[in-house]
Each structure stands twice: as C-alpha cells, then as structure tokens.
Amino acid sequence: MAKSDVKVLGSWPSPFVMRARIALNIKSVNYEYFEERLREGKSELLLKSNPVHKKIPVLIHGDKPICESLVIVQYIDETWSSGPSILPSDPYERATARFWAAYLDEKWFPSIRTIGMAQGEDARKAAIAQVEEGLVLLEEAFGKCSKGKRFFGGDQIGYLDIAFGCFLAWLRVTEKMSGIKLLSEANTPALLNWADRFCSDAAVKDVMPDTEKLAEFGKMVIAKMRGAAPPK
Amino acid sequence: MALSDVKVLGSWPSPFVLRPRIALHLKSVNYEYIEENLLESKSELLLKSNPVFKKVPVLLHGDKPICESLIIVQYIDEVWSSGPSILPSDPYERANSRFWAAYIDEKWFPALRGVLAAESEDAKKAAIAQVEEGLVLLEEAFGKLSQGKPFFGGDQIGYLDIALGSFLVWLKVIEKISEMKLLTEAKTRCLLEWAHRFSSHVAVKDVMPEADKLAEFGVKLRAKILKARAIPK
C-alpha cells in the first residue's frame with residue numbers, strides 16, 4: 001500500500017493524535033503525518049475531512065476520513081486485522097477497556113485540564129483531588145485488567161494502554177507545574193511502573209512529546225487563556 | 001439461560017436505558033428489567049454495579065456489570081453473535097456509526113436537554129437552533145449510510161438507529177415545549193419517515209415511553225433542574 005494512502009492530520013501537543021499514531025505503529029502501517037498549525041487557522045484539508053467537529057486527529061485512508069480518536073483506533077484495529085490486536089478478544093474485557101477509555105475522556109482528562117486553568121487555590125485543590133481519585137480507580141483497574149502482566153492489554157499494549165498512556169506527557173507537565181506527584185509509589189505503584197514501560201515502548205516513544213517542550217506550550221496556552229479573560 | 005441471568009437496571013424516562021433494551025430484543029434475549037426511581041435515592045444494586053458513575057443503564061450478565069449505554073449495546077452485539085448484527089460488518093461503516101453515535105451523545109443530546117432546561121427565551125431559541133442544525137446533519141448522514149434502505153443500519157435496525165431512535169419520544173416532548181416541529185417534511189423528510197418506522201418496530205414499540213407521560217415527567221425534571229441551579233439568597 002502506498003505510503004500516502006494513509007494520512008494522519010494532527011498536532012504534536014495533542015494526546016488524542018498520539019492515539020491514532022500509536023495504533024498505526026502497533027500495526028506497522030506506514031503513514032504520512034501532517035502537522036496542523038492550529039494557531040494559524042485550520043487547513044482546508046482538515047475542514048474538508050472533519051466538517052462536523054473541525055478537530056484533529058483525522059485519519060485519511062485512501063479517500064475516507066475517519067474522525068474521533070477512539071473511533072480511529074478501533075477502525076485501525078479492525079482494518080489491519082492481521083497485525084497485533086489492540087482490543088481484547090473477550091467481549092467483557094472489551095467492554096471494560098471501552099468503559100475506562102470513556103471515563104478517561106469524559107471525567108479524568110477534563111479534571112487534569114482544570115488543574116492548569118483553575119482560578120484560586122480552592123479550585124486547584126479540588127481539581128487535584130479529582131485527578132488523584134481517578135488515578136486510584138485506574139490503579140485498581142490496572143490490577144484487574146492486566147492480571148499480573150505488563151500492560152492493561154496484557155503482554156502487549158492494548159486499547160486502554162493507548163487511551164490512558166497518551167495523557168502521560170500532560171500528566172508529567174501538570175506534576176511539574178503544580179509541584180505535586182500525581183503518580184506515586186505510595187498511591188499508584190503499578191501505574192508508575194506501567195507509565196515507564198508505556199513511554200519506552202517502540203510504538204510510543206517517537207510520538208510522545210518531550211515534557212519540557214510540552215510544558216513551554218502549556219504555559220503559553222494558559223497565558224493566552226488568562227489574557228483572553230475579560231478584565232474585572 | 002435462566003431469566004435472571006440477564007438484568008437491566010433502568011429508569012423508564014431515560015433514553016439511554018432504551019438502548020440496551022432494544023438491543024436485547026433484537027437478539028431475542030430474555031432479561032429481567034429492574035426499575036430505578038431516579039427522582040428518589042439510588043438503590044444498593046445500582047451503587048454496587050456502577051460505583052464510578054452511579055447511573056443507569058447497567059446490564060448485569062451473570063455477575064458481570066456492564067455500564068455506559070453504547071458500550072452495553074456493543075457488548076450485547078458481541079456476546080449474542082448468532083443473532084442479527086447490530087454494528088455493520090465493514091470497518092468504515094462501523095466507524096461512521098460510532099462517529100455519529102458519539103456526535104449524538106456529545107453534541108446533539110446536550111442541545112436537546114438545553115431546550116428543556118433553558119432559563120430564558122434566548123437560551124431556548126439558541127438550543128432549538130442547535131437541535132435543528134444537528135437534525136440537518138443527521139438527515140444527510142441518513143442518506144449516505146442507509147443507501148436507500150429503511151434504516152441507518154440498512155434493512156434492519158442497527159447501532160446508529162438505536163443511538164438516535166432512543167431520543168425520539170424526548171424529541172416529541174421538546175417539540176411540545178418549543179411549540180414547533182423539529183422533524184419536518186421540509187428539512188428532514190427522510191428522518192421523519194425513519195422515525196415512524198423505528199418507533200413502530202417490534203423490538204422498539206413496547207419499550208418506548210408514552211409521550212404524554214414523558215411530557216409530565218419533563219415538567220418535573222425541568223423544575224428540579226432549575227431549582228438546583230437557583231442561587232441561594
């Protein structure tokens with residue numbers, strides 16, 4: 001299959017874009033990566049490929065655009081079915097992986113973002129508490145899903161590893177900027193070890209953004225948001 | 001399989017609860033339905049089965065709880081694989097179904113709820129406009145995905161039919177509140193016809209709530225929402 005037959009439209013700070021790239025890497029699928037310069041306005045290709053949400057990532061397979069990171073990951077798993085499986089084969093394990101991915105997107109990652117944006121010490125503490133509670137739940141989920149193996153998906157990286165692991169760079173930036181360890185030996189020893197394994201996996205390490213670079217980007221985003229707030 | 005091996009914890013006004021019930025009907029799976037009263041406190045069984053979100057629906061299969069309506073529908077499709085397929089078989093069609101189901105839950109349904117909970121005329125109008133825009137997109141999606149057949153899923157009800165169809169009675173209630181038709185001959189002719197077919201389908205008609213009863217519930221729900229928002233003096 002020609003390299004340009006599979007394209008990913010993305011943006012380097014986006015954890016959601018990482019998901020699509022990791023999945024393609026797991027399947028050893030060559031693809032062309034297009035960096036959207038979101039500050040300069042969205043490209044024609046993005047607006048045409050994702051008219052509903054106008055967001056990245058978008059996977060373009062031949063002439064077919066696929067949008068929404070977790071929809072893309074499942075599409076990749078089902079299309080390149082001869083490669084290593086991303087979703088588990090057992091229906092209950094699949095439901096469990098999907099459940100925690102939904103939890104991460106709907107509850108947990110929004111609370112990470114809130115830490116950075118929080119106005120006032122109380123709001124910040126509340127957001128941190130939410131993130132920590134979530135990590136305790138995920139530590140427990142790791143125990144159940146991994147069954148003593150290295151990843152949520154077992155011996156290999158799977159759907160939930162991808163869904164969660166893509167947030168690790170932002171998690172590290174948040175730890176740096178807030179001065180708090182969110183993943184710790186005391187509360188989340190299994191996740192701490194899993195995080196290192198995930199980040200050093202061959203399918204992951206080249207697409208994980210550098211923490212320093214991401215921290216700089218994070219500061220700029222927050223400054224912009226705060227600068228944009230109406231004066232009181 | 002014993003009747004009590006499959007249970008659904010639900011609440012009759014919830015559109016999300018309809019989804020697993022329709023899916024189980026499509027697969028001809030017998031189940032026990034347990035009604036939660038959402039205006040009162042949550043049952044022990046619900047809190048134990050869905051400790052993370054504490055919400056209905058929950059599917060209990062043997063001792064395994066499965067939560068989140070679309071995840072439950074996919075679970076049902078995969079477990080009872082000898083029954084009619086709910087998700088399409090082609091990966092791109094599956095991706096499209098999942099995409100639109102996600103759109104419905106993340107963008108369209110909040111707009112629908114926004115009409116119910118609107119505090120001002122302006123807020124109501126804005127929410128109605130969003131609902132209408134969404135329906136126009138879904139009308140277009142129907143054209144592409146149904147490929148001339150009666151349902152999004154083709155000849156039979158599928159994943160996206162279930163995802164959208166579960167909101168049809170609430171849509172009627174919202175039409176009543178906004179005093180206008182949201183599904184219309186002019187803008188959403190195909191969806192209008194699809195809505196009739198879906199609502200009268202054998203796997204659907206016995207679980208859809210009655211519009212009048214739901215409208216009464218809607219009034220109570222709106223009052224509850226507005227009260228919860230009221231700033232204490």
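Side-chain atoms are counted along with the backbone in the values below, which use heavy atoms only and exclude waters and symmetry mates.
Note that the CZ atom of Phe99(A) and the CG atom of Asn50(B) stand 5.5 Å from one another [nearest 0.5 Å]. We find the CD-NZ distance between Glu93(B) and Lys64(A) to be 9.5 Å, quoted to the nearest 0.5 Å. Atoms CZ and OH, on Arg98(A) and Tyr75(B) in that order, are 12.0 Å from each other to the nearest 0.5 Å.
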**OP:** Just do the side chain to side chain contact (heavy atoms under 4.5 Å, CB included) check on Trp100(A) and Val52(B) with the steps written out, would you?
**Re:** CA-CA 10 Å; Trp100(A) 287 112; Val52(B) 176; 3.8 Å; yes
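Remark: Glu106(A) does not engage Lys55(B) in a salt bridge, criterion side-chain N to carboxylate O under 4.0 Å. Ion pair Glu78(A)/Arg94(B) flagged as a salt bridge, since at least one NZ, NE, NH1 or NH2 atom sits closer than 4.0 Å to an Asp/Glu carboxylate oxygen. Ion pair Glu78(B)/Arg94(A) flagged as a salt bridge, since at least one NZ, NE, NH1 or NH2 atom sits closer than 4.0 Å to an Asp/Glu carboxylate oxygen.
With a 6.0 Å radius and a threshold of 12 heavy atoms from other residues, nucleotides or ligands, Glu44(A) has its CD atom at or below the threshold. Residue Gln156(B) qualifies as open at atom CD: its count of foreign heavy atoms under 6.0 Å is 12 or below.
Interface check for chain B: of the options Cys67(A), Ser81(A), Gly134(A), Pro65(A), the most heavy-atom pairs under 4.5 Å are formed by Pro65(A). The candidate with the highest count of non-hydrogen atom pairs below 4.5 Å against chain B, out of Asp90(A), Ile72(A), Ile66(A), Leu137(A), is Ile66(A). Your options are Lys107(B), Gln74(B), Glu106(B), Glu68(B), and the one with the most heavy-atom pairs under 4.5 Å with chain A is Gln74(B). Most heavy-atom pairs under 4.5 Å with chain A, from the set Phe53(B), Tyr103(B), Tyr92(B), Phe99(B): that is Tyr92(B).
When side chains are defined from C-beta on, Glu68(A) does not count as touching Arg98(B), because their heavy atoms never get closer than 4.5 Å.
Closest non-hydrogen pair, Ile71(B) versus Ala95(A), comes out as CG2-O, 3.6 Å.
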